[in-house]
Amino acid sequence: MNNAEIAARFTRIADILEIQGENFFKVKAYRNAAATILDLDEPLSDLDKRGVLTELPGFGEAIVGKTRDFLSTGTTALYERIKNDVPEGVVQMARIPGLSPKSVKTLTDALGVSTVDELEAAARAEKVRDVAGFGAAKEAKLLENIARWRRLSETLPLYLALALANRYADAVRAFPETQRVEVCGEIRRGCETVSGVYLLVDTPTPIPALQAAAQLPGVTGTLDKSSSHITLATEAGVPLTVATYDAGLRWSAWGFAHLAATGSAEFYESLEPGNATNTVSLATEADVFAAMGLPFIPPELRDTPGIVQTVRENGVPMLITVADFRGQLHEHSTGSDGAASIREMAEAALMRGYEYLAITDHSRSLTIANGMTRALLEAQITEIADLNREFVPRGLTLLSGIEADILQDGAIDCEDDLLARLDIVVASVHRRYSESAEAMTARIVRAIEHPHVHIIGHPTGRLLGRREPFAVDMGAVIDTAKRTGTILEINAAPERLDLSAENARAVKEAGVLLSINADAHSVAGLDSIAWGVTVARRAGLSPGDVVNTFDLATLRAALKNGYPIITASVNVRSALTDTAIT
DNA sequence: GCCGTTTTCGGCCCGACTGTTTTCAGTCG
């Protein structure tokens, strides 16, 4: 068995044990093992030969033993014993929001259902309400949650889809005679959620390659096939398409194949690529664009309506890159729920070439996340001032900040006199997500209007694949941000990507500044910034639209200073765009 | 399950809030 197959087995074991009510930490141990394996870049069999299996984190006696069982025999006693105890449909039920493994066990035992479809039918037949611990209201909620789960499961968050695609791409690269494999489709375009993985393969033997693809681990069936492609159902829930490139047959060159496989279909058609078909040597996408008299259009822009016409008239907009960043403005430390000290975060920021880093730990009412009391925040302000005596000469300025909760009434969870002493105030919603659009809009608008709030963090609260954005009138949010000179965030944590590209584009078009932040809870978390940059590029953002590209003096000027500012932010922005920021 | 010891078992998942099931499971970062 290879790494991915063994990881899948450990995940399956965890799923079954969890529904059987096994100890939380035991379940977690199997999940951790699976995650560790998926992160490896060396086969477990090699690690075993080198005798270093026990050095992997979370690999104790039991998990090492089972790993060796899988390597030598393809299974292990525990798996054989429990594999038929819990049907796959029941495992899926436990992924429905609001349905814990315990509730799943109660419902399946009482109703005899073993798939989500059967559970849904039972709820519609008003049978769930008779189960002990449930009622009519909970039954209605269950139906809502099943519908929500269906919507959320149709796609994978980009970061998970990319990891999946890379695993499959590696497997296809190992096929005999494979010349080249590229991840295309929605992933290459940087879509925040992905409905299918698309691999383009250059091989002189397409038929055997497609047959081999159908045998890859995690593949559960064939949805569609032809002589040049196969679309497969996978355990991940989204289909995998493997398309073979066959020079001289369907496409005249790799450049075309790459372009068509990347899509979108609408974009590809709007290019009218037929006009360039007879041109020789279209080895790259850039060659194809050039043959049509166009500059290279980055994949992230290929879902933008009318982009071909826009590019013909105005050229390709200068899109922001990770290299443009001079700092980050929403990060955590051990001051609340981060894993790294402020000093460690500062060193990491220096290593990434940053000029500034804001520490924004949670505010007092978020006790779950170890939110800071007044005394602790005051101590942190002093600590940062002390650290700056060391770090400013080394080129990094630490900014004192807070991620303050936006309370239910829109008030900010920190005293004004403290907020006034901070360089950066991020305000975010962390509680009571299910309010009406009117209430949530009023709540956030009030927070934006707060004179000391600089940035609204993760403005819609979505968690990709898990929680939909809360109801809020984004137009009112943007209008208020414009009026008050408040910055809106693209939270780059890969499970958030909030604002979305669509919302971020609307923010830019309104002339409101954005900030992209990793919301890091560790040193490594800082690098999640790249996901946010992908979103920003899809939104067509340039460096001048994002305050993280400003030098420190310009940044300070862009933060609203006092209140009300009214339209000053717009003037600041145009001045910045015209001069220093490129 | 793993881990880290004051070496052989207890901590690890914190704890307030929410909704609605009337007594607690699910949720949040």
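All heavy atoms count here, side chains included; hydrogens, waters and symmetry mates do not. Letters A, B, ... mirror the listed sequences (proteins, then strands); counts begin at 1.
Across the P atoms, dC14(B) and dT21(B) are found 29 Å apart, a figure rounded to whole Å. To the nearest whole angstrom, the two C1' atoms, one in dC13(B) and one in dT8(B), are 24 Å apart. Rounded to whole Å, the C1' atom of dC9(B) lies 39 Å from the corresponding atom of dG19(B). Going from the P atom of dG4(B) to that of dG15(B) covers 23 Å, rounded to whole Å. Look at the P atom in both dT20(B) and dA16(B): the space between them is 22 Å, to the nearest Å. The separation of dG11(B) from dT6(B), taken at their P atoms, amounts to 15 Å, rounded to a whole angstrom. Using atom C1' as the reference point in both dG10(B) and dC24(B), the two lie 26 Å apart (nearest Å).
Non-hydrogen atoms lying under 4.0 Å from DNA chain B are contributed by F24(A), F25(A), all within residues 7-25 of chain A.
Taking the six-membered ring where the residue is Trp, the centroids of H458(A) and H430(A) are separated by under 6.0 Å.
Geometrically, K138(A) engages F134(A) in a cation-pi contact defined by less than 6.0 Å to the ring centre and at most 45° from the axis. For the pair R467(A) and Y433(A), the distance from NZ or CZ to the six-membered ring centre is under 6.0 Å and the angle to the ring normal is within 45 degrees.
Within the 4.0 Å cut-off from OP1 or OP2 of dA25(B), at least one side-chain nitrogen or oxygen of K102(A) is found. Contact annotation: R496(A) side-chain N/O to dG29(B) OP1/OP2 distance is under 4.0 Å. Checking the phosphate oxygens (OP1, OP2) of dG19(B), no side-chain nitrogen or oxygen of Y433(A) falls inside 4.0 Å. For dC17(B), the OP1/OP2 oxygens have no side-chain nitrogen or oxygen of R432(A) closer than 4.0 Å. A sub-4.0 Å separation between OP1 or OP2 of dC28(B) and a side-chain N or O of R467(A) is present.
V86(A) pairs in a side chain to side chain contact (heavy atoms under 4.5 Å, CB included) with only one of the listed residues (I16(A), T108(A), L17(A), V104(A)), which is I16(A).
Rounded to whole Å, the distance from NZ on K26(A) to P on dC9(B) is 17 Å. Across the protein-nucleic acid pair, E403(A) atom CD and dC28(B) atom P stand 15 Å apart, rounded to whole Å. Computed from coordinates, the K138(A) NZ to dT20(B) P distance equals 10 Å when rounded to whole Å. Atom CG of L142(A) is separated from atom C1' of dG19(B) by 15 Å (rounded to the nearest Å). Between L56(A) atom CG and dC3(B) atom C1' there is a gap of 15 Å when expressed in whole angstrom units. The separation between I63(A) atom CD1 and dC3(B) atom C1' is 12 Å, rounded to whole Å. Rounded to an integer number of Å, the gap from Y30(A) OH to dC3(B) P is 13 Å. Between the NZ atom of K141(A) and the P atom of dT21(B) there is a distance of 11 Å, given to the nearest Å.
Residue H332(A) is out of contact with every strand shown, counting any heavy-atom pair closer than 4.0 Å. Residue S103(A) is classed as a sugar-phosphate contact, given heavy-atom separations below 4.0 Å to backbone atoms only.
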Original post:
Going through the distances and angles, do N370(A) and D337(A) end up as a side chain to side chain donor-acceptor pair (under 3.5 Å)?
Top reply: CA-CA 6 Å; N370(A) 196 23; D337(A) 59 346; over 6 Å; no

**OP:** Assess whether salt bridge (Lys or Arg N to Asp or Glu O under 4.0 Å) is satisfied between D527(A) and R352(A), documenting all intermediate values.
**Re:** CA-CA 9 Å; D527(A) 295 323; R352(A) 285 159 180 76; 2.7 Å; yes

Subject >> R374(A)/E415(A) under salt bridge (Lys or Arg N to Asp or Glu O under 4.0 Å): CA gap, chis, key distance, verdict >> reply: CA-CA 8 Å; R374(A) 180 181 182 99; E415(A) 298 95 329; 3.6 Å; yes

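In terms of position on DNA chain B, the residue among P101(A) and G133(A) whose nearest nucleotide sits closer to the 5' end is G133(A). Between K66(A) and F134(A), the residue whose closest nucleotide on DNA chain B is further toward the 5' end is K66(A).
In this structure, the side chains of V116(A) and E118(A) stay at 4.5 Å or more apart for every pair of heavy atoms. The side-chain heavy atoms of M474(A) and V472(A), taken from C-beta on, include a pair separated by under 4.5 Å.
Here the nucleotide nearest the side chain of R431(A), chosen from dG29(B), dC17(B), dT21(B), is dC17(B). With dT20(B), dC2(B), dG29(B) as the choices, the nucleotide that has an atom nearest any side-chain atom of A137(A) turns out to be dT20(B).
Summarising the base pairing, dT8(B) is matched to no nucleotide, lacking a Watson-Crick or G-U wobble pair whose two defining distances lie under 3.5 Å.
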